[in-house]
A.B. asks: 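To start, I am sharing the structure in question, which I have written as structure tokens.
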Amino acid sequence: MAQTMTRKMTPSPTEGPTRTLTMLERLRAVRRVTVQENQRALVLKDGRFLDLLGPGRHEVSLRTDAGRFGELAEIAVHLHDLSRPEFVSPYETALFRERPDLVAAHLTEIRTSSDEVGVILRDGRIWAVQKPDGRSVVWTDAGPWTVERVDVSDDLAVERKLLRRLERFGPIDKVKRFTVDAEQAGLLFLDGAFARRLEPGAHAFWDVGRKVEVNRVDLRRHALDVTGQEILTKDRVSIRVNLAAEYRVADPEQAVSATTNYVDALYRALQYAFRKSLGAKTLDEILEQKVSVDAEVADKLRREMA
């Protein structure tokens, strides 16, 4: 069975080989099989499926289907413990193909499409989460079983009510969680493409094959210093300039899509703008027009960084 659920699938430890027949069983040409209340027994006769037995004492005929006198059939009994509800057996594929009647009577098959997640409930409580294109097989009598199907074709967000139920169930490896602080804008990207802006708070998304990322952009005012810039004036005088700017991100979507790093972009823009402005003036002009130079460059930077 494909490992599609969050629970670990392991074979039942009670599954075992054929035991040695007693003398009485040989004389009567029957094999006695006792199945406990919490067990089910898969019986094979001469390598072919015979039955799936429930609790109680059972007698399985040892006479061969070919009717050969004096020859006893080979009976194999594989016990499964219902405390492990998943059906794990090397005979699963053959059983579904050869004996659909036994499958219908004892097993429940759960499949999810390529666009849905299955939240599997056992007796009304979350038992496992199954990813898209998933399949699992469980013992019907270990239920009752129900499935809540979540459409993830367009939106991967996990509803808050469901998220609280999942958190009570335990760690889920198919859910990614993000927190956006009050002073931040959260930008959701799916498979590298911008999807939408997230409000401050906790968010969760299904991690089921698509790449989910949240880019958090701080919306508060920040200071940026560019220190020790060597600039050559128009009259060939070398001066050292320290620059200081304050900025705030007004459009987070534009900030992250227009540049790889908007802080670095602002840093370089400051350097270039002041180099160009101060390099076109003499030292005396710079000293006389300091206020107007600051205003001129600041206005140019605002237009560029917008």
A.B. asks: Ion pair present between Arg99 and Asp101, side-chain N to carboxylate O less than 4.0 angstrom?
C.D. replies: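 The answer is yes: the pair qualifies as a salt bridge.
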A.B. asks: What's the spacing between Leu287 CG and Gln289 CD if we round to 0.5 Å?
C.D. replies: 10.0 Å
A.B. asks: With a 4.0 Å cut-off on N to O distance, would you call Arg111 and Glu109 a salt bridge?
C.D. replies: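 Between Glu109 and Arg111 there is a salt bridge, with a charged N closer than 4.0 Å to a carboxylate O.
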A.B. asks: Can you tell if the side chain of Val60 reaches within under 4.5 Å of the side chain of Val30, non-hydrogen atoms only?
C.D. replies: no
A.B. asks: Quick one: does NZ or CZ of Arg210 land under 6.0 Å from the six-membered ring centre of Phe189, within 45 degrees of the ring axis?
C.D. replies: no
A.B. asks: Going by distance alone, is a donor N or O of one side chain under 3.5 Å from an acceptor N or O of the other, for Asp151 and Ser153?
C.D. replies: yes
A.B. asks: Look at the side-chain heavy atoms of Ile, Leu, Val, Met, Phe, Trp and Tyr, link any pair under 4.5 Å apart, and say whether Val249 and Phe194 land in one connected group.
C.D. replies: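 The answer is yes; both residues are in one hydrophobic cluster.
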A.B. asks: Is any side-chain N of the basic residue among Asp181 and Arg216 closer than 4.0 Å to the acidic one's carboxylate O?
C.D. replies: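 The answer is no: the pair does not qualify as a salt bridge.
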A.B. asks: Determine whether Pro85 and Trp145 make a side-chain contact, defined as any pair of heavy atoms from C-beta on separated by less than 4.5 Å.
C.D. replies: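 In contact.
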A.B. asks: Do other residues, nucleotides or ligands put more than 12 heavy atoms under 6.0 Å from the CD atom of Glu159?
C.D. replies: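 No, CD of Glu159 has 12 or fewer neighbouring heavy atoms, counting only those of other groups under 6.0 Å.
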A.B. asks: Answer yes or no: is there an ion pair linking Glu86 with Arg84, defined by an N-O contact shorter than 4.0 Å?
C.D. replies: no
A.B. asks: Is Glu148 paired with Lys161 through a side-chain N to carboxylate O contact shorter than 4.0 Å?
C.D. replies: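 Not counted as a salt bridge, because no side-chain N and carboxylate O are separated by less than 4.0 Å.
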A.B. asks: What about Phe87 and His106, are their ring centers closer than 6.0 Å?
C.D. replies: no
A.B. asks: Under a plain distance cut-off of 3.5 Å, with no hydrogens placed, do Asp235 and Thr233 share a side-chain donor-acceptor pair?
C.D. replies: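 Yes, because at least one side-chain N or O of Thr233 sits under 3.5 Å from a partner of the opposite role on Asp235.
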A.B. asks: Give me the one residue out of Thr108, Leu82, Val103 that meets side chain to side chain contact (heavy atoms under 4.5 Å, CB included) with Thr140.
C.D. replies: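 Checked Thr108, Leu82, Val103 against Thr140; only one passes side chain to side chain contact (heavy atoms under 4.5 Å, CB included): Thr108.
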A.B. asks: Would Asp225 and Thr227 count as a side-chain hydrogen bond (donor to acceptor under 3.5 Å, both in side chains) if you check the C-alpha gap in whole Å, the side-chain angles of each, and the deciding distance to 0.1 Å?
C.D. replies: CA-CA 6 Å; Asp225 295 322; Thr227 60; over 6 Å; no
A.B. asks: Are Tyr272 and Val226 linked, directly or through intermediate hydrophobic residues, by side-chain heavy-atom contacts shorter than 4.5 Å (ILVMFWY only)?
C.D. replies: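 Looking at the clustering, Tyr272 is in a separate group from Val226.
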A.B. asks: Roughly how far, to the nearest 0.5 Å, is NE2 of His80 from CZ of Arg40?
C.D. replies: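 So the CZ of Arg40 and the NE2 of His80 are separated by 11.5 Å.
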A.B. asks: If you measure from the Lys or Arg side-chain nitrogens to the Asp or Glu carboxylate oxygens, is any gap between Arg197 and Glu253 under 4.0 Å?
C.D. replies: yes
A.B. asks: Treating Ile, Leu, Val, Met, Phe, Trp and Tyr as nodes and any side-chain heavy-atom pair under 4.5 angstrom as an edge, say whether Val237 and Phe274 lie in one connected cluster.
C.D. replies: yes
A.B. asks: Which residue pairs pass the ring pair (Phe, Tyr, Trp, His ring centres under 6.0 Å) test with at least one member in residues 219-247, sequence neighbours excluded?
C.D. replies: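 Found His222-Tyr247.
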A.B. asks: Is it true that Arg196 and Asp155 make a salt bridge, defined as a side-chain N closer than 4.0 Å to a carboxylate O?
C.D. replies: yes
A.B. asks: Are Leu102 and Phe96 connected into the same hydrophobic cluster when the rule is that any two of I, L, V, M, F, W, Y join if their side-chain heavy atoms are below 4.5 Å apart?
C.D. replies: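 In one cluster with Phe96: Leu102, yes.
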A.B. asks: Just checking Arg221: does its CZ atom have more than 12 heavy atoms from other residues, nucleotides or ligands closer to it than 6.0 angstrom?
C.D. replies: yes
A.B. asks: Are Asp207 and Val175 side-chain neighbours, meaning at least one heavy-atom pair lies under 4.5 Å?
C.D. replies: no
A.B. asks: Is any side-chain heavy atom of Pro132 closer than 4.5 Å to one of Asp115?
C.D. replies: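 Not touching, per the 4.5 Å side-chain cut-off.
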A.B. asks: Measuring only between side-chain heavy atoms, which start at C-beta, is Val129 closer than 4.5 Å to Ile120?
C.D. replies: no
